Trainee: 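Here you go, one structure.
The shown structure was predicted, so the numbers you read here are calculated from the model rather than taken from an experiment. One-based numbering, in listed order, for ligands and for the atoms of each.
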Amino acid sequence: MADTVSVTRQDGVAVVWLDNPPVNALGHALRQPLHAMLEKLRADADTAAIVIACKGRTFVAGADISEFGQPPKAPSLPDVIALLESIGKPTVAAIHGNALGGGFELALGCHYRIAAPDARVGLPEVTLGLLPGAGGTVRLPRLVGAREALGVIVSGKPVNAEKALALGAIDAIAEGDLVAEAVSFARARAEGGGPHVPVLKREEKIEAARNDLDAFEETAKAATANARGLTAPLRCTEAVRNAILLEPSQALAREREMFVELRDGEESAALRHLFFAEREAVKVEGVGKDVAARPVRHVGIVGAGTMGGGIAMAFANGGMRVTVLEVGDEALQRGLGQIEKNYAGSVSRGSLSEKDKLARLARIRGTTDYTDMSDCDLIVEAVFEEMGVKRKVFEKLDEVARDGAVLASNTSYLDLDAIAAFTKRPSDVVGLHFFSPAHVMRLLEIVRGERTAPEVLATALSVAKAIGKTPVVVGVCDGFVGNRMLAARREENEALLLEGASPSSVDKAFTDFGWPMGPFQMVDLAGLDISWRHRQSQGLTAPVADSLCELGYFGQKTGRGFYRYDEGARKPVPDPFVEELIEAKSRELGIERRAIGAEEILERTMYPMINEGARILEEGIAARASDIDVVWVNGYGFPRGKGGPMFWARRHGIDKILARLEYWHGVTGKPVYRPARKLVEAAAAASW
Ligand code: CAA
């Protein structure tokens, strides 16, 4: 293995090169030789200045996240940074690619920072349930001001070189060769003779923050308003407040304590699990690096309804040319009008510029003529969820699409293999199951049919990346991963109502767990008619929901559903009429009502879902338990800080879940509680 740390010299400047592919993470294999090298250079009279630069595609992208679960090994990153800061000669970080987390903290330990024009710097630790634990919360406020630092730290969002320069986080943007410019910058500083003030000793901006604590508290309040039960954003705020109020050494010590506390806690374990889970999910059996994706520049969308329009926007936002097809001109104009309205909404909310809106709209055109799809590289069908309708579309697409075009269905439930069989090219057919609103939601279930070709899957994965989606490849079954598990939970939602719970008591148990909303609020938002139609097609009933649908209560869009909604409002108001209707149904069905607590609500909704997840694994519909977590966190609002249903189950105890499933199976006899074979095995192994 090549050395992870090496040195080159130019006129008294030592360039310390870090080389730890793929992202130069600061694991022990890098920290230890870096520390030793800095010790050597400190003592070396011929070294007047030091530049830290990285080989490969990026500067240091952070601490090595995979080391966090293991016993720490010295030297720690704060040790390395402390040595760097006390080295007694000017130090310069030469940043290309990403300087993130511990990587940016290493750069903050240098006296100066120079970045390539396309570099980014940031402290994304909060997204991993952490705070910057190597001095970031104490040094960054000294460089850019406490309120600005708070914005960077609590959002976790990296900033580009231009913004970093404006903030004062870097000293210059290189115009030519980054390392050559960093070397001449370092030499000039060495010749200038100093003083070279370490960032930790710069007090001006801290002084200013100390004199205006009210403004800081106001920013802190706004920054953590969306913390949604997560601890890390609050600790980040506390750490920056400490940077203002405490001596630097005390603030650093407290930062480290809080970092260790968070690192060893459940929230960070869950968020780190998701970091790796999302990267694992794109590794798909049979789709190795040797399988080339087909290029996709022009995308056709069949159907300009809510889903079709959202999907069109997702591709246009990703820079692709889009042709949207509808059967009639009126439906087409309505669909295009809605797209325009959605973009205008983003402009008025300030999340999109007028210029970008126009550029995106210019990429979308409408048609009612299938032959306009003939040069599309990918065509996504998003029409009514009915096999006969899908058949007509795919037969038509088979006629007009060019050879090699990928044909995708956005079906949520239907059999993709049957859809593929409507064409003479089933190996080109794949499912692309978007989630509403499709231009916003990150999840994309990529459905692998029996005959879907590896290049077609590779194309779907590459397109997903290009449009910023988080893909998970799933097999064919009713509802795939997400909706199938949702169905297992849904059956019990109704049962809980009939046995004594109310929509609001069920929803409260969910929001207390960390979900953004409960199942009844969610159905009201999505529309009761959608699941009603699905139940009808499956010959299923749900006494309460069916009665509401028969009354035309479809949820928010009709102002009534499981809740009442005041004109134009989205806030659910408990509806005595619905509660009476539920009680009447209980009487009619001879069910005795009783008090039902939050624990029972969670057991009877989450456990069948997890059990169904186990069946999904057993059948190979999902390749790994972590794929299921990625689906639930990105598509269904499962609280990120709990890592997804399968991760949560493992931490909570699969054996405990098994025991309660057996109990509820005994009480109710319902198949959703019958433990899956895979769950029984996992309970014994304490892991999926
Ligand atoms: N530790 C360990 N592994 C890491 C890593 C890290 N910090 N960052 C990336 N990797 C791994 C990924 O798991 C992936 O591995 P596989 O190829 O085996 O799947 C590989 O590096 C490449 O990563 P990506 O697929 O994400 O590559 P990309 O080019 O799409 O993105 C990136 C590059 C923007 C740097 C992205 O990897 C990223 O955001 N990394 C994490 C950055 C981060 O959160 N840093 C803070 C770490 S915590 C910290 O530093 C604590 C502290 O204060 C001391």
Trainee: Give me the residue, atom name and distance of the protein heavy atom closest to atom 7 (N) of ligand 1.
Mentor: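 For atom 7 (N) of ligand 1, the nearest protein heavy atom comes out as Ala63 O, 2.8 Å.
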Trainee: Out of all atoms in ligand 1, which are within 4.0 Å of some heavy atom of Phe276? Include the element for each.
Mentor: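 Counting from 1, the qualifying ligand atoms are 13 (O).
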Trainee: Give a yes or no on whether a salt bridge exists between Glu218 and Lys221, defined as a side-chain N under 4.0 angstrom from a carboxylate O.
Mentor: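 Answer for the salt bridge query: no.
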Trainee: Hey, are Arg113 and Asp171 close enough for a salt bridge, meaning a charged N less than 4.0 Å from a carboxylate O?
Mentor: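 Looking at Asp171 together with Arg113, the answer is yes, because their closest N to O distance falls below 4.0 Å.
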Trainee: List ligand 1 atoms under 4.0 Å from Pro124, heavy atoms only on the residue side.
Mentor: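 Once the distances to Pro124 are compared, the set is 43 (C), 44 (O), 45 (N).
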Trainee: Given Arg57, Lys465, Arg279, Arg120, identify the one with the heavy atom nearest to atom 22 (C) of ligand 1.
Mentor: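 Minimum heavy-atom distance to atom 22 (C) of ligand 1 goes to Arg57.
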Trainee: Tell me the closest heavy-atom pair linking Ala460 and Leu432, and the distance in Å.
Mentor: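 In this case the closest contact between Ala460 and Leu432 is CB-CD2, 3.9 Å.
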Trainee: Would you call Glu67 and Arg272 a salt bridge, taking side-chain N to carboxylate O under 4.0 Å as the test?
Mentor: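 Arg272 and Glu67: not salt-bridged.
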Trainee: In Å and rounded to the nearest 0.5 Å, what is the CD to CG distance from Glu278 to Asp627?
Mentor: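 Those atoms lie 10.5 Å apart.
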Trainee: For Glu266 and Arg651, which heavy atoms make the closest approach, and how far apart are they?
Mentor: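 In terms of heavy atoms, the two residues are closest at OE2-NH2, 2.9 Å.
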Trainee: Any idea which part of Pro22 is under 4.0 Å from ligand 1, heavy-atom wise: side chain, backbone, both or neither?
Mentor: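 Looking at Pro22 and ligand 1, just side chain atoms fall under 4.0 Å.
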Trainee: I'd like to check which ligand 1 atoms, numbered from 1 as shown, lie under 4.0 Å from a non-hydrogen atom of Leu128.
Mentor: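 Counting from 1, the qualifying ligand atoms are 44 (O), 47 (C), 48 (S).
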Trainee: Any non-hydrogen atom of Thr58 lying under 4.0 Å from ligand 1?
Mentor: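 Outside the 4.0 Å threshold, so no.
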Trainee: Within ligand 1, which atoms have a heavy atom of Pro132 less than 4.0 Å away?
Mentor: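 Here the atoms of ligand 1 in question are 53 (O).
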Trainee: Is ligand 1 less than 4.0 angstrom away from at least one heavy atom of Glu67?
Mentor: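 Judged by the 4.0 Å heavy-atom criterion, Glu67 does not count as contacting ligand 1.
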Trainee: Write out the residue and atom name of the closest protein heavy atom to atom 2 (C) of ligand 1, then the distance separating them to 0.1 Å.
Mentor: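 Closest protein heavy atom to atom 2 (C) of ligand 1: Asp64 OD1, 3.2 Å.
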Trainee: Are the charged groups of Lys642 and Glu267 less than 4.0 angstrom apart, N to O?
Mentor: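 Salt bridge: no.
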Trainee: Side chain, backbone, both or neither: which applies to Ala61 and ligand 1 if a contact is any heavy-atom pair less than 4.0 Å apart?
Mentor: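 Both of them.
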Trainee: Kindly identify the option in Arg256, Glu105, Lys283 whose heavy atom sits closest to atom 19 (O) of ligand 1.
Mentor: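 That would be Lys283.
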Trainee: Determine whether the side chain, the backbone, both or neither of Leu123 has a heavy atom under 4.0 Å from any heavy atom of ligand 1.
Mentor: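 Under 4.0 Å from ligand 1, Leu123 contributes no heavy atoms.
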Trainee: Going by an N to O cut-off under 4.0 Å, is there a salt bridge joining Lys163 and Glu148?
Mentor: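 Not counted as a salt bridge, because no side-chain N and carboxylate O are separated by less than 4.0 Å.
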Trainee: Looking only at distances, please establish whether an N/O atom of ligand 1 is found under 3.5 Å from an N/O atom of Ala25.
Mentor: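 By distance alone, the answer is no.
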Trainee: For atom 16 (P) of ligand 1, is the nearest protein heavy atom closer than 4.0 Å?
Mentor: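 Yes, at least one protein heavy atom sits under 4.0 Å from atom 16 (P) of ligand 1.
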Trainee: Are the charged groups of Glu455 and Arg294 less than 4.0 angstrom apart, N to O?
Mentor: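 Judged by the 4.0 Å cut-off on N to carboxylate O distance, Glu455 and Arg294 do form a salt bridge.
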Trainee: Does the separation of the ring centres of His273 and Phe647 fall below 6.0 angstrom?
Mentor: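 Under 6.0 Å, so yes.
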Trainee: Quick check: closest heavy atoms across Pro454 and Val287, and the distance to 0.1 Å?
Mentor: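 Of all heavy-atom pairs spanning Pro454 and Val287, the closest is O-CG1, 3.9 Å.
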Trainee: Which residue and non-hydrogen atom of the protein lie closest to atom 39 (O) of ligand 1, and at what distance in Å?
Mentor: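 Among all protein heavy atoms, the one nearest atom 39 (O) of ligand 1 is Leu100 CD1, 4.0 Å.
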Trainee: Any N or O on Gly133 sitting closer than 3.5 Å to an N or O of ligand 1?
Mentor: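 Yes, there is a polar N/O contact under 3.5 Å.
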Trainee: Is the shortest distance from atom 44 (O) of ligand 1 to a protein heavy atom below 4.0 Å?
Mentor: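 Protein heavy atom within 4.0 Å of atom 44 (O) of ligand 1: present.
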Trainee: What protein heavy atom is closest to atom 46 (C) of ligand 1, reported as residue, atom name and distance in Å?
Mentor: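 Sorting protein heavy atoms by distance from atom 46 (C) of ligand 1 puts Gly101 CA, 3.8 Å first.
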Trainee: Report the member of Val23, Asn98, Ile81 with the shortest heavy-atom distance to atom 4 (C) of ligand 1.
Mentor: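 Ranked by closest heavy atom to atom 4 (C) of ligand 1, first place is Val23.
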Trainee: How close do Cys236 and Leu131 get, heavy atom to heavy atom, and via which atoms?
Mentor: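 It is SG-CB, 3.7 Å.
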Trainee: Looking at Phe275 and Leu128, what are the two nearest heavy atoms and their distance?
Mentor: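 That would be CB-CD2, 3.8 Å.
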Trainee: Should the proximity of Ile65 to ligand 1, defined as any heavy atom under 4.0 Å, be assigned to the side chain, the backbone, both, or neither?
Mentor: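 The answer is both.
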Trainee: May I ask you to identify, for Glu280, whether its side chain, its backbone, both or neither come under 4.0 Å of ligand 1 on a heavy-atom basis?
Mentor: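 Near ligand 1, Glu280 shows nothing, with every heavy atom at 4.0 Å or more.
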